[in-house]
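Below is one structure; the comments refer to it alone.
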Amino acid sequence: MSPATPELISPRSPRVSAARRLAKRNFRGKERLFLAEGPQAVREAAGHRARDAATLVELFTTPEAADRYADIVGAARDAGARVHLASEQVIADISTTVTPQGLVGVCRFLDTPFDEVLAGRPRLVALLANVRDPGNAGTVLRCADAAGAEAVVLTDASVDVYNPKAVRASVGSLFHLPVAVGVPVEHAVERLRAAGIRVLAADGAGDRDLDDELDKGTMGGPTAWLFGNEAWGLPEETRTLTDAVVRVPIHGKAESLNLATAAAVCLYASARAQRAAGGCRSVTGNQ
């Protein structure tokens with residue numbers, strides 16, 4: 001390192017203490033800040049801006065990681081983030097992973113108001129109701145991003161999307177598409193339907209089969225998929241709010257699909273149908 005390289009930040013620094021507290025939801029909500037760990041998340045954060053403000057405000061990095069990921073550290077500085085060199089122990093204290101990768105960013109909240117989501121006239125939306133597992137929430141967000149969805153909406157009873165495990169599971173997708181949080185499920189469904197978006201509840205006990213819906217050509221319009229809690233699914237009063245309750249067919253002997261897998265199948269089915277020029281055949285059976 002050159003003589004101009006700053007010294008390692010102290011483990012007792014107020015900046016380190018403040019970052020460490022962001023592992024807890026109440027502190028995240030109070031400060032409207034969250035942690036992004038690892039090179040992929042920090043790279044995406046460094047390149048993201050929300051409402052004319054840089055998302056990444058602070059970066060802690062070991063000297064080794066600063067050398068290995070010099071492009072990311074440079075992007076963080078270009079974005080105006082404060083960069084702190086830190087020991088591996090400091091990174092371990094801030095990080096929530098078992099094996100930290102030497103980079104931890106502090107980011108501004110970036111959720112989008114629900115009205116703004118609707119104003120964007122989305123054609124594909126993932127709506128999460130009472131989803132409590134942060135890993136599942138982050139993975140569904142990643143699936144929605146990969147399928148080309150324009151938004152993800154989390155109801156007021158769902159997990160905090162800024163939970164470190166949810167952020168990691170999204171693998172950077174949190175920074176790619178609008179995410180609305182804290183929306184009551186009844187309000188979300190009502191507003192989506194009023195905007196001309198068909199709301200489909202994904203449920204293993206659904207009375208409609210996804211293959212049949214695809215073969216009938218009903219899946220090509222604007223669609224919001226409603227996904228429920230990992231353990232007990234969607235309550236009857238929520239299912240009745242939607243346009244249809246659709247099951248993913250199980251062709252083998254598996255008892256069911258987990259939330260993230262079912263979400264991937266449903267979102268990709270809609271994405272394919274919306275992109276098809278002359279209809280769409282089954283994505284889960286033989287072509």
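For the single chain, residues carry numbers from 1 onward in sequence order.
Shown here for Arg108 and Ala53, the closest heavy-atom pair between the two residues is NH1-CB, 4.2 Å. The shortest heavy-atom contact between Pro222 and Gly196 is CB-O, 4.0 Å. Residues Val131 and Ser158 come closest through the heavy atom pair N-OG, 3.2 Å. In this structure, Gly148 and Arg275 approach most closely via the heavy-atom pair CA-NH2, 4.3 Å. The shortest heavy-atom contact between Leu127 and Leu192 is CD2-CD1, 4.1 Å. Residues Phe227 and Ala126 share a closest heavy-atom pair of CE1-CB, 4.2 Å.
Side chain of Thr61 to backbone of Ala66: a donor-acceptor contact under 3.5 angstrom is found. Of the possible polar contacts, none joining the Asp243 side chain to the Leu200 backbone as a donor-acceptor pair under 3.5 Å is found. Side chain of Ser95 to main chain of Ala92: no donor-acceptor pair is present (N/O by atom type, distance under 3.5 Å, no hydrogens or angles). Judged by distance alone, the side chain of Thr223 and the main-chain N or O of Gly221 form a donor-acceptor pair under 3.5 Å. Panel note: side chain Thr242, backbone Arg239; a donor-acceptor pair is recorded below 3.5 Å. Between the side chain of Asn229 and the backbone N or O of Asn130, at least one donor-acceptor pair lies under 3.5 Å. No donor-acceptor distance shorter than 3.5 angstrom exists from the side chain of Glu230 to the backbone of Leu259, with no hydrogens or angles considered. Under the 3.5 Å distance criterion, the side-chain polar atoms of Arg82 are left unmatched by any main-chain donor or acceptor of Glu58. Not a single donor-acceptor pair under 3.5 Å links the side chain of Arg198 to the backbone N or O of Ala224. No donor-acceptor pair under 3.5 Å is formed between the side chain of Arg168 and the backbone N or O of Gly135.
Two different hydrophobic clusters hold Val152 and Val117 under the rule that ILVMFWY side chains link at heavy-atom gaps under 4.5 Å. In the hydrophobic clustering of ILVMFWY residues, with side-chain heavy atoms under 4.5 Å counting as a link, Leu226 and Tyr268 come out apart. Hydrophobic clustering, with ILVMFWY side chains joined whenever heavy atoms are under 4.5 angstrom apart, groups Leu234 together with Ile197. Linking ILVMFWY residues whenever their side-chain heavy atoms come closer than 4.5 Å, directly or via other members, leaves Phe114 and Val179 in distinct clusters.
His187 places none of its side-chain heavy atoms less than 4.5 Å from the side chain of Thr155. In this structure, Glu150 and Leu124 have side chains that are in contact, with non-hydrogen atoms separated by less than 4.5 Å. Using a 4.5 Å cut-off on side-chain heavy atoms (C-beta onward), Asp133 and Val159 make no contact. Side-chain contact between Val167 and Leu35: absent, with no pair of heavy atoms (C-beta onward) separated by less than 4.5 Å. No side-chain heavy atom of Glu190 sits less than 4.5 Å from a side-chain heavy atom of Pro184. Using a 4.5 Å heavy-atom threshold, the side chains of Val199 and Leu241 count as separate. Using a 4.5 Å heavy-atom threshold, the side chains of Ser256 and Ile250 count as separate. You'll find the side chain of Arg43 reaches within 4.5 Å of the side chain of Asp71, heavy atoms only.
Judged by a 6.0 Å distance limit and a 45° cone about the ring axis, Arg21 is positioned over the six-membered ring of Phe27.
Annotation for Arg142: atom CZ does not count as buried by contact number, only 12 or fewer foreign heavy atoms lying within 6.0 Å. Counting non-hydrogen atoms of neighbouring residues, nucleotides and ligands closer than 6.0 angstrom, the CZ atom of Arg68 reaches no more than 12 such neighbours. Atom CD of Glu116 has more than 12 heavy atoms from other residues, nucleotides or ligands within 6.0 Å.
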Report task. Test Glu213 against Thr218 for side chain to side chain donor-acceptor pair (under 3.5 Å), laying out the working first. Result -> CA-CA 6 Å; Glu213 293 299 305; Thr218 64; 2.7 Å; yes

Worksheet item: After noting the C-alpha distance and the side-chain angles of Arg32 and Asp111, does the key distance pass the salt bridge (charged side-chain N to carboxylate O under 4.0 Å, His left out) rule?
Response: CA-CA 10 Å; Arg32 289 193 60 80; Asp111 44 277; 3.7 Å; yes

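The CG atom of Leu103 lies 7.0 Å from the CD1 atom of Ile91; values are rounded to the nearest 0.5 Å. Separating the CZ atom in Phe60 from the CZ atom in Arg20 is a distance of 9.5 Å, to the nearest 0.5 Å. We find the CG-CE distance between Asp212 and Met219 to be 11.5 Å, quoted to the nearest 0.5 Å. Note that NZ of Lys30 is 11.5 Å distant from CG of Leu22, once rounded to the nearest 0.5 Å. In this structure, CG in Asp160 is found 14.5 Å from NZ in Lys24, a value given to the nearest 0.5 Å. Note: Thr112 OG1 to Leu177 CG = 8.5 Å, rounded to the nearest 0.5 Å.
Between Phe109 and Tyr162, the two ring planes are parallel [angle under 30°; tilted spans 30° to 60°].
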